[in-house]
Amino acid sequence: MPEVDEIGIRGVPKGSKLMVLGDWYRKAGQEWRVVCYFHNQEKGDFRKSLPIDYLPALTPGKIFPMTSIENKAQGWTETIKLPKQDNWQRLCFRDLPNSLRRAQEFSSQLADCSIFKITTIEKVYWLPVTEMARMLFFHSAEVARAAVNQGNTWQLGKAWKEGWTGEVKLSSNIPVRYLNSLQFRKFFIWLFFFPEVEESFGSIFQNINRYTKLSNNSERWTFDFNPPDLSHCELSFSGFTGTESENNHVYIREIRSVSGLKPPDIATIIFSHPDDKILLEDKLKERNESKSALNIKPSVNIRELDPDNRPKASMSRYTIKLNRSGLNFEVDIDTRRSPRHVNVLPKNIESDLLDEIEEQTPVELGSLLEGSDQGKGVRADVDNLDPTDLIDAPEKIVFFQEMLDKLKETHGWKIESKIGDVPQMRCRTQHLVNNRPRRYCHAVIARDQKTSIQVLEIELTNKTKKDGTEETESLSTLFFRAGDTKSTYLGILDELMTSYKDEGLNAMSWKRSYITENTSVREYLGHPDNKIKSEQDALDSWIERAAQKVIGM
């Protein structure tokens with residue numbers, strides 16, 4: 001399933017910029033469509049309706065056809081820490097300051113669209129409700145359809161947990177390739193293991209049924225939903241500011257990443273998919289016939305999405321990337337792929353596959369719509385989630401020491417720290433970094449006369465995968481309180497470097513059950529990322545979040 005970095009939407013003129021999403025409508029016997037407002041230098045402002053299946057592709061500010069999937073910010077960029085969500089105001093576009101309004105010709109049609117007004121000490125931020133829903137939920141066409149048409153996650157998969165281990169079984173509706181995507185696995189963890197997030201997902205369908213109006217033989221609805229609690233999360237965005245007296249007002253056009261999401265209280269989560277199979281050739285086949293379809297990969301170059309025609313359901317599904325964005329937990333979660341199913345390749349499968357390949361090869365037009373037996377063309381889905389670009393692993397322990405110095409300087413806390421080598425235990429070579437002992441840093445922060453917070457930071461490194469690419473190790477910083485400042489942290493280090501294969505727990509992973517049993521309070525803090533921020537901004541963010549952990553424990 002190849003990725004492409006250049007794609008347009010049929011019927012949208014070249015050079016058209018998506019300004020904002022408007023109301024939805026549905027004619028009798030048809031499916032929901034969303035009205036999109038574009039700007040084109042030749043046509044000016046214009047509107048075009050597109051199927052809701054295309055919501056993952058409809059990022060405000062994007063120009064079609066897209067010529068790059070690089071996550072370049074357009075206009076004003078900023079990262080804010082969201083205030084408590086109870087203080088947000090839900091208003092309408094008619095309440096926007098004048099200098100933040102766009103597509104003025106259609107302002108009356110957008111007047112009722114919902115928007116959040118988020119007030120901080122320095123600025124006022126205006127966040128369209130549709131953009132928040134796109135960032136949180138609309139990462140693929142299948143996920144968008146489940147939210148709009150079913151209002152639950154049953155079409156996407158099932159999840160359950162036992163002790164410190166969770167399991168997710170994805171539905172065959174989801175492209176099997178998403179099993180390989182760490183970001184998609186994180187998204188499904190967040191969606192499946194938090195009831196309030198699943199309720200938010202379902203609120204889209206509930207709002208449709210509750211507030212749809214009948215007009216000119218069509219159903220019409222102004223998008224709305226109940227977002228999960230994002231209080232104190234970090235939001236990186238691009239947009240624009242107001243002018244003159246309104247220059248402290250900021251319109252958030254595109255959310256680029258959300259950081260600081262609470263993780264589930266699970267150590268390891270195993271993923272499976274019914275179509276995750278390894279096909280083996282029939283042993284009875286002669287080897288000279290093995291030139292088969294196993295070695296032939298369809299090459300479809302999707303350059304344009306067709307919003308009006310369904311694809312053929314039986315065809316292979318291609319995954320395309322249109323945007324880059326991220327949902328990031330405070331804690332790195334150990335997600336694993338379950339053993340794949342092994343099937344013997346049936347006889348005569350070769351000719352069937354070749355027929356499909358011949359049908360697909362010349363096609364440059366794909367569709368995000370749901371597949372149909374009568375459909376034509378190529379099935380496609382969107383993968384918008386992109387792993388956060390973390391600070392290089394070797395720098396993290398240096399960052400940690402800088403963070404301790406800044407905490408001491410800013411808050412006046414007495415902080416004592418020491419660096420040592422992690423124990424070898426049963427961890428093969430994971431106690432080594434470049435053939436020398438891996439280091440740890442243990443700090444004791446005297447928050448007040450009676451309270452000490454201990455912190456453990458482990459040295460990380462970049463490791464080379466089998467395909468030759470570099471992968472950064474990830475392990476969150478551990479904050480905890482315990483009755484002593486020596487034996488507990490040494491026991492945690494022993495458990496960290498011990499592998500329990502029967503329980504699916506590797507070395508270099510926090511053993512949460514042990515930590516819970518041996519500490520009175522514990523918190524995990526994810527490392528900063530530098531996808532949008534500068535290195536100094538990343539450090540400042542980490543310092544601020546660390547201080548909140550210390551103060552709140």
Side-chain angles (χ1 to χ4, degrees), residues 21 78-97 100 111-138 147 151 187 189-208 210-211 221-237 239 241-242 246 248-265 325-331 479 521 523-526 540-541 543-553:
L21 301 180
E78 191 176 344
T79 299
I80 63 168
K81 183 177 179 184
L82 293 170
K84 193 172 182 181
Q85 201 154 315
D86 292 345
N87 298 327
W88 301 9
Q89 290 179 271
R90 189 188 297 263
L91 301 176
C92 297
F93 267 62
R94 66 167 61 91
D95 301 309
L96 264 176
L100 294 183
D112 294 330
C113 291
S114 296
I115 192 167
F116 287 115
K117 181 182 180 182
I118 303 172
T119 303
T120 66
I121 296 175
E122 297 178 347
K123 297 178 183 178
V124 179
Y125 299 91
W126 298 83
L127 171 57
V129 175
T130 52
E131 176 57 14
M132 173 167 279
R134 183 200 66 81
M135 180 61 205
L136 297 181
F137 296 132
F138 298 147
F187 167 66
I189 288 169
W190 186 62
L191 183 59
F192 289 153
F193 286 103
F194 288 91
E196 63 271 24
V197 178
E198 189 168 358
E199 288 173 9
S200 173
F201 186 79
S203 71
I204 297 171
F205 182 76
Q206 294 169 6
N207 274 278
I208 290 175
R210 189 174 301 164
Y211 299 112
W221 177 60
T222 299
F223 183 91
D224 208 350
F225 84 120
N226 304 321
D229 189 7
L230 299 179
S231 301
H232 311 306
C233 288
E234 286 186 339
L235 201 72
S236 294
F237 68 88
T241 62
E246 299 169 345
N248 67 323
H249 289 258
V250 181
Y251 182 89
I252 300 175
R253 181 167 55 198
E254 176 193 359
I255 301 175
R256 294 160 60 76
S257 68
V258 178
S259 300
L261 298 176
K262 292 291 183 184
D265 208 11
S325 55
L327 291 171
N328 306 298
F329 288 111
E330 282 187 341
V331 176
F479 292 71
V521 183
E523 291 279 0
Y524 301 86
L525 179 67
D540 291 343
S541 169
I543 293 167
E544 181 184 354
R545 291 188 294 133
Q548 290 169 357
K549 298 290 186 186
V550 174
I551 293 170
M553 293 177 68

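Owing to the predicted nature of the structure, the values given are computational and were not obtained by experimental measurement.
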Expected list for residues 84-94: side-chain donor-acceptor pairs under 3.5 angstrom, two or more places apart:
| from | atom 1 | to | atom 2 | distance (Å) |
| --- | --- | --- | --- | --- |
| Gln85 | OE1 | Leu230 | N | 2.6 |
| Gln85 | NE2 | Pro228 | O | 3.1 |
| Trp88 | NE1 | Pro83 | O | 3.2 |
| Arg90 | NH1 | Asp224 | OD1 | 2.3 |
| Arg90 | NH1 | Asp224 | OD2 | 3.4 |
| Arg90 | NH1 | Phe225 | O | 3.2 |
| Arg90 | NH2 | Phe225 | O | 3.4 |
| Arg94 | NH1 | Asp112 | OD1 | 3.3 |
| Arg94 | NH2 | Asp112 | OD1 | 2.4 |

Between Glu131 (side chain) and Ile255 (backbone), is there a donor-acceptor pair under 3.5 Å?
-> yes

Closest heavy-atom pair and its distance - Phe205, Gly151 = CB-CA, 3.3 Å

Which residues share a side chain to side chain donor-acceptor pair (under 3.5 Å) with Lys117, sequence neighbours left out = none

Indicate yes or no: at least one non-hydrogen side-chain atom of Phe237 is less than 4.5 angstrom from one of Arg253.
-> no

Identify the two heavy atoms, one from Pro264 and one from Phe194, that lie closest to each other, and give their separation to 0.1 Å.
-> N-CZ, 3.3 Å

Closest heavy-atom contact between Lys549 and Met553?
-> O-CG, 2.8 Å

Heavy atoms only: give me the nearest Ser200-Pro227 pair and the separation to one decimal.
-> OG-CA, 3.4 Å

Between the CG atom in Leu100 and the CD1 atom in Ile252, the distance rounded to the nearest 0.5 Å is 11.0 Å

Do Thr222 and Tyr211 have side chains that get closer than 4.5 Å, going by heavy atoms?
-> no

Would you give the length of the straight line joining atom CG of Leu191 to atom CZ of Phe137, rounded to the nearest 0.5 angstrom?
-> 6.5 Å

Closest heavy-atom contact between Tyr251 and Pro128?
-> OH-CG, 3.2 Å

Ile118 side chain near Phe116 side chain, heavy-atom distance below 4.5 Å = yes

Is the shortest heavy-atom distance from the side chain of Phe187 to the side chain of Leu261 under 4.5 Å?
-> no

Rounded distance [0.5 Å steps], CD1 in Ile204 versus CZ in Phe223 | 4.5 Å

Considering all heavy atoms of both residues, which atom of Trp126 and which atom of Asp95 are nearest to each other, and what is their separation?
-> CH2-O, 3.5 Å

From Thr120 atom OG1 to Ile80 atom CD1, the distance as rounded to the nearest 0.5 Å | 7.0 Å

What is the distance from atom CD of Glu196 to atom NZ of Lys262, rounded to the nearest 0.5 Å?
-> 11.5 Å

Mind checking the NE2-CZ spacing from His232 to Arg545? Nearest 0.5 Å is all I need.
-> 14.0 Å

